[in-house]
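All remarks here apply to the structure that follows.
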Amino acid sequence: MEIIGVDAGGSLLKIAYVEQEQYQYKLFPIDEMDQVLSWIKMLKPSVFYKITGGRAAKVKEKLPCSNAAVIPEFDSVCIGAKELLIQEKKRIKNDFLIVSMGTGTSFFLMKGERYERLFGSGIGGGAISGLGRLMLQEHSFQQIVALAEKGDRSHVDLLVKDLYENGQPPIPGDLTAANFGKPDVSKAGKEDIAAALFQFIGETTVLLSMLFARQHQVDTCVYVGGAISNNSPLQHVIQSFDSMVGLQSIFLQNGSFAGAVGAILYH
């Protein structure tokens with residue numbers, strides 16, 4: 001029987017299935033759940049659903065019990081991330097971290113075929129959306145991303161070179177001295193605030209990734225999840241620290257679907 005993987009998160013419904021030996025991916029807002037499930041049932045009436053994510057139980061309630069199973073979320077993410085590395089032809093020889101950025105962020109250690117969740121953080125896509133609403137009056141995640149791509153965070157963040165004025169700072173002057181710490185923000189527009197927001201989220205994520213990487217002696221971080229996939233401003237922030245902290249950051253093109261793919265493969 002054909003299997004459809006469904007990852008029901010806080011804001012997105014991610015769907016994966018195999019067609020002609022290739023993964024197919026679909027992404028929908030979570031509030032379109034009823035319409036999406038009706039569409040799938042009409043398109044593919046004889047399938048088995050493997051559901052993961054925070055709202056998996058709610059999705060399962062809307063499906064025939066004999067045709068659906070709930071799959072553990074953390075297992076799904078790790079299994080799916082490893083499969084996507086293969087699909088996207090990215091080879092990692094040694095152990096590595098998986099950083100899953102959805103509504104929140106989870107950190108996993110991948111050792112061979114084994115994986116272990118190390119920690120979780122509330123800094124993730126939910127924080128971006130919430131702070132975007134509070135600071136920018138923007139309700140669209142993609143619009144916040146689009147604003148950040150055009151912004152200059154130096155109009156909002158206090159940089160190291162701002163503190164030293166005409167002196168020579170002991171560390172690179174473009175590093176952040178204080179997020180959102182600029183005393184005069186009269187020149188700051190919405191784009192600049194959005195750029196500073198992604199800098200704050202990215203710096204915090206890098207700091208946590210670095211701590212776990214050093215603790216477990218790994219040098220590669222694989223980023224998956226709806227908040228980081230195809231999010232070029234946030235990816236740029238994270239990657240800008242690679243050489244400084246001694247890490248290699250890998251972003252999977254279809255990383256939003258790690259949970260859905262992993263649910264399909266879970267046994």
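Remember, it's a predicted structure, so these values are computed and weren't measured experimentally.
Of the possible polar contacts, one joining the D192 side chain to the D152 backbone as a donor-acceptor pair under 3.5 Å is found. Side-chain N or O atoms of S121 include one that pairs as donor or acceptor with a backbone N or O of I123 at under 3.5 Å. For D157 (side chain) and N179 (main-chain N/O), no donor-acceptor pair under 3.5 Å exists by modelled atom type. Panel note: side chain Q235, backbone I228; a donor-acceptor pair is recorded below 3.5 Å. Proximity of a side-chain donor or acceptor of R117 to a complementary backbone N or O of F107 within less than 3.5 Å is not detected. For the pair T105 (side chain) and M101 (backbone), a donor-acceptor distance under 3.5 Å is absent. For the pair K50 (side chain) and Y266 (backbone), a donor-acceptor distance under 3.5 Å is present. Between the E88 side chain and the Q253 main chain, a donor and an acceptor come within less than 3.5 Å of each other.
Residues L234 and L12 are members of separate hydrophobic clusters, defined by side-chain heavy-atom contacts under 4.5 angstrom among Ile, Leu, Val, Met, Phe, Trp and Tyr. In terms of hydrophobic clustering, with Ile, Leu, Val, Met, Phe, Trp and Tyr side chains grouped at heavy-atom distances under 4.5 Å, F28 and F141 are assigned to different clusters. Under a hydrophobic-cluster definition in which Ile, Leu, Val, Met, Phe, Trp and Tyr are linked whenever side-chain heavy atoms come within less than 4.5 Å, directly or via other members, V77 and L208 are assigned to different clusters. Tracing side-chain contacts under 4.5 Å through hydrophobic residues (I, L, V, M, F, W, Y), one never reaches I238 starting from L85; they form parts of separate clusters. In the hydrophobic clustering of ILVMFWY residues, with side-chain heavy atoms under 4.5 Å counting as a link, V160 and F241 come out together.
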From CA spacing to verdict: side chain to side chain contact (heavy atoms under 4.5 Å, CB included), L175, L159: CA-CA 6 Å; L175 291 177; L159 305 182; over 6 Å; no
Kindly indicate, with the supporting measurements, whether the criterion side chain to side chain contact (heavy atoms under 4.5 Å, CB included) is fulfilled by N94 and V218. CA-CA 8 Å; N94 302 314; V218 299; over 6 Å; no
With side chain to side chain contact (heavy atoms under 4.5 Å, CB included) as the test, would you mind laying out the steps for I86 and E83 before giving the verdict? CA-CA 5 Å; I86 296 170; E83 174 69 10; 4.3 Å; yes
Tell me, with the steps shown, if Y23 and Y17 meet ring pair (Phe, Tyr, Trp, His ring centres under 6.0 Å). CA-CA 6 Å; Y23 284 102; Y17 56 93; 9.5 Å; no
Output, in order, the C-alpha distance, side-chain angles, deciding distance and verdict of side chain to side chain contact (heavy atoms under 4.5 Å, CB included) for T176 and Q199. CA-CA 9 Å; T176 307; Q199 188 73 29; 4.1 Å; yes
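The shortest side-chain heavy-atom distance between K111 and L109 falls under the 4.5 Å cut-off. Counting only heavy atoms from C-beta outward, the side chains of I15 and V36 approach each other to under 4.5 Å. Annotation: side chain of V70 is not in contact with side chain of T52 (no heavy-atom distance under 4.5 Å). Side chains of S232 and E149 form a contact here, defined as non-hydrogen atoms less than 4.5 Å apart. A heavy-atom distance below 4.5 Å is not found between the side chains of V99 and V224. V222 is not listed as a side-chain neighbour of L97, based on a closest heavy-atom distance of 4.5 Å or more. Counting heavy atoms from C-beta on, the side chains of Y223 and S249 come closer than 4.5 Å. For the pair I4/I40, a side-chain contact is recorded, criterion being any heavy-atom separation below 4.5 Å from C-beta on.
A pairwise comparison of heavy atoms in G202 and V237 identifies CA-CG1, 3.8 Å as the closest pair. Of all the heavy atoms in R214 and V245, the pair that sits closest is NH2-O, 4.2 Å. When all heavy atoms are compared, the tightest approach of S76 to I71 is OG-CG2, 3.2 Å. Among all heavy-atom pairs drawn from A16 and V261, the shortest one is CB-CG2, 4.0 Å. Nearest approach of L163 to A177, heavy atoms of both residues: CD1-CB, 3.6 Å. Minimum heavy-atom separation, G226 to S256: CA-OG, 3.6 Å.
Here the SG-CE distance, from C221 to M210, works out to 10.5 Å after rounding to the nearest 0.5 Å. In this structure, the separation between CE on M110 and CD1 on I92 is 9.5 Å, given to the nearest 0.5 Å. Rounding to the nearest 0.5 Å gives a distance of 5.0 Å between CD of Q24 and CD of E19. Going from atom CD1 of I98 over to atom SG of C78 covers 4.0 Å, rounded to the nearest 0.5 Å. Interatomic distance, R91 CZ to K93 NZ, rounded to the nearest 0.5 Å: 9.5 Å. With rounding to the nearest 0.5 Å, the separation of CD in Q143 from CD in E138 is 4.5 Å.
The aromatic ring centroids of F108 and F74 lie less than 6.0 Å from each other.
Atom CD of E2 has more than 12 neighbouring heavy atoms from other residues, nucleotides or ligands inside a 6.0 Å radius. By the 6.0 Å contact criterion, CD on Q22 is open, its count of non-hydrogen atoms from other residues, nucleotides or ligands being 12 or less. Within 6.0 Å of the NE2 atom in H155, the count of heavy atoms belonging to other residues, nucleotides or ligands exceeds 12. At most 12 non-hydrogen atoms from other residues, nucleotides or ligands lie less than 6.0 angstrom from NZ of K26. For Q137, the CD atom counts as densely surrounded, since its 6.0 Å shell holds more than 12 non-hydrogen atoms of other residues, nucleotides or ligands.
With respect to D34 and K62, a salt bridge is recorded, a charged nitrogen being found less than 4.0 Å from a carboxylate O. Salt bridge status for D162 with K182: present, with a side-chain N to carboxylate O gap under 4.0 Å.
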